[in-house]
Amino acid sequence: MKNDYRETVEYLLHWYDLNARILEWRSNPKPYYVWISEIMLQQTRVEAVKSYFDRFIKELPTIKDLAAVEEDRLMKLWEGLGYYNRARNLKKAAIIVMEQYNGELPANREELKKLPGIGSYTSGAIGSIAFQLPVAAVDGNVLRVMKRIAGSFDDITKEKVKKELEEDIEAIIPKDRPGDYNQSLMELGATVCLPNGKPLCNQCPVMHLCKAFHNGDELKIPVKPKKKERVIEEKTVLVMECAGYYAIRKRTEKGLLHGLWELPNIEGKLSINQMEETIKTLAPYAKVERKLGEAKHIFSHKEWHMIGYYIKVERIEDVPIPELIWVDNQSIRKDYSLPTAFEAYRKELN
DNA sequence: AACTCGGGGCC
DNA sequence: GGCCCAGAGTT
């Protein structure tokens, strides 16, 4: 279904001029800054990104620096932000930009989209904000705002709906300020046209154009189907300590949190008796000192339900588990990316 | 078209 | 306890 959003342009741009938040990557929209910020902002709120962005740019001020950064350093810069493939793809793309684009991002949406980690939204965002290309940048905010304005009950998780919206936007996007128009839609979605049933319609610069508001449907839109339940995984986490050093290991190559570090852990929740039996076979001279509390960590699609044990080891040689490395707490904090999922047990390290 | 991939903030 | 967030890549 085609929608005409032409009338929104003047109101949204004017509102954006008065209400845009001051953000580092907005004040200085160099392609590299816009790129890094847009990747960080994928599925991530502005407030969470700010400090990561500043640190990242300070550490890796140019695409050349990013292309050369060491994997562990990169993961450390991303630690806690989540979706770690975003960071790996940044580096991959930076190498391609150095080798194929003379060190500068291409000012072309299709070329941008070829780079790892840059899809339809991000290519539109970088294209319009950094290069003033008249292209749409449709994210969750834009879908919500536009479907409310149109009074549309389309299922916004459908790819076709997103594609049609891109076309509708590109039909009316102002050629002199495409990046500002896209950002005005996102800014409105983030600060006024809020999700979860609390839009601030009385503050909205386009409420007179909004069919959802007119019809009293603003809480029913956007339409999304329900998500399926998360899978629950039970784990027993071991805090193994030897003279102030703690055992950690690198997670396997693929899948959840791959390539990051973790506290050693076993499938299933072991009772203290089971733990004592198990430790005999793993490390005969280790002692189960005490039970730690239970903890839960929720990912998008699974939950870890964990129990922990504090295990004391007299000599590292007594633990014949080759994949473990033994590191003091200060080094872990400085050099090893230990995901937030282990936070409850990480507190035991000192 | 469905699944995987993090973490946090807000109700 | 559930929702959603300036989504992209893989299957």
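In what follows, every heavy atom counts, from backbone to side chain, and hydrogens, waters and symmetry copies are set aside. Lettering follows sequence order; numbering is per chain, from 1.
Closest to the side chain of A/S120, from the set C/dA8, B/dG7, C/dA6, is C/dA8.
Nucleic acid contact class of A/G189 (heavy atoms, under 4.0 Å, all strands): none. The residue A/L23 sits close to a base: some heavy atom pair falls under 4.0 Å. Base contact: A/S300 has a heavy atom under 4.0 Å from a base atom. Within the 4.0 angstrom heavy-atom criterion, base atoms lie near A/V46. Among the protein residues, A/R88 comes within range of no part of the nucleic acid, since none of its heavy atoms lies under 4.0 Å from any strand. Using a 4.0 Å heavy-atom distance criterion, A/T122 is classed as a sugar-phosphate-only contact. Counting any heavy atom pair closer than 4.0 Å across all strands shown, A/Y121 reaches a base atom.
The interatomic distance linking A/L81 (CG) with B/dC5 (C1') rounds to 13 Å, in whole Å. In this entry the distance linking NZ of A/K228 with P of B/dA2 reads 11 Å, nearest Å. In this entry the distance linking NE2 of A/H297 with P of B/dC5 reads 13 Å, nearest Å. Between A/H301 atom NE2 and B/dC3 atom P the separation is 11 Å, expressed in whole Å. Rounding to whole angstrom units, NZ of residue A/K162 and C1' of B/dA1 are separated by 13 Å. Distance A/I298 CD1 to B/dG7 P: 12 Å, rounded to the nearest Å. As a whole-Å value, the separation of A/R346 CZ from B/dG7 P is 11 Å.
The cationic group of A/K302 does not satisfy the cation-pi geometry with A/F299, failing either the under 6.0 Å distance to the six-membered ring centre or the 45° limit from the ring axis.
Using a 4.0 Å cut-off, no side-chain N or O of A/H258 falls inside it from OP1 or OP2 of B/dC5. Contact annotation: A/Y83 does not reach the phosphate of C/dG9 (side-chain N/O to OP1 or OP2, under 4.0 Å). Contact annotation: A/N141 side-chain N/O to C/dA6 OP1/OP2 distance is under 4.0 Å. Taking only side-chain nitrogens and oxygens, A/K158 never comes nearer than 4.0 Å to OP1 or OP2 of B/dA1.
For A/R86 against B/dC5, a side-chain-to-base donor-acceptor contact under 3.5 Å is absent. Taking 3.5 Å as the limit, the base of C/dG7 and the side chain of A/T44 contain no donor-acceptor pair of atoms between them.
Across the C1' atoms, B/dG6 and C/dC3 are found 15 Å apart, a figure rounded to whole Å.
Between A/E314 and A/K287 there is no salt bridge, since no side-chain N of the basic residue sits under 4.0 Å from a carboxylate O of the acidic one.
Under a cut-off of 6.0 angstrom, the local environment of CD in A/E317 is crowded, with over 12 non-hydrogen atoms contributed by other residues, nucleotides or ligands.
At least one side-chain heavy atom of A/I169 sits less than 4.5 Å from a side-chain heavy atom of A/L185.
Residue A/L256 is the one, among A/L256 and A/A48, whose nearest nucleotide of DNA chain B lies closer to the 5' end (criterion: closest heavy atom).
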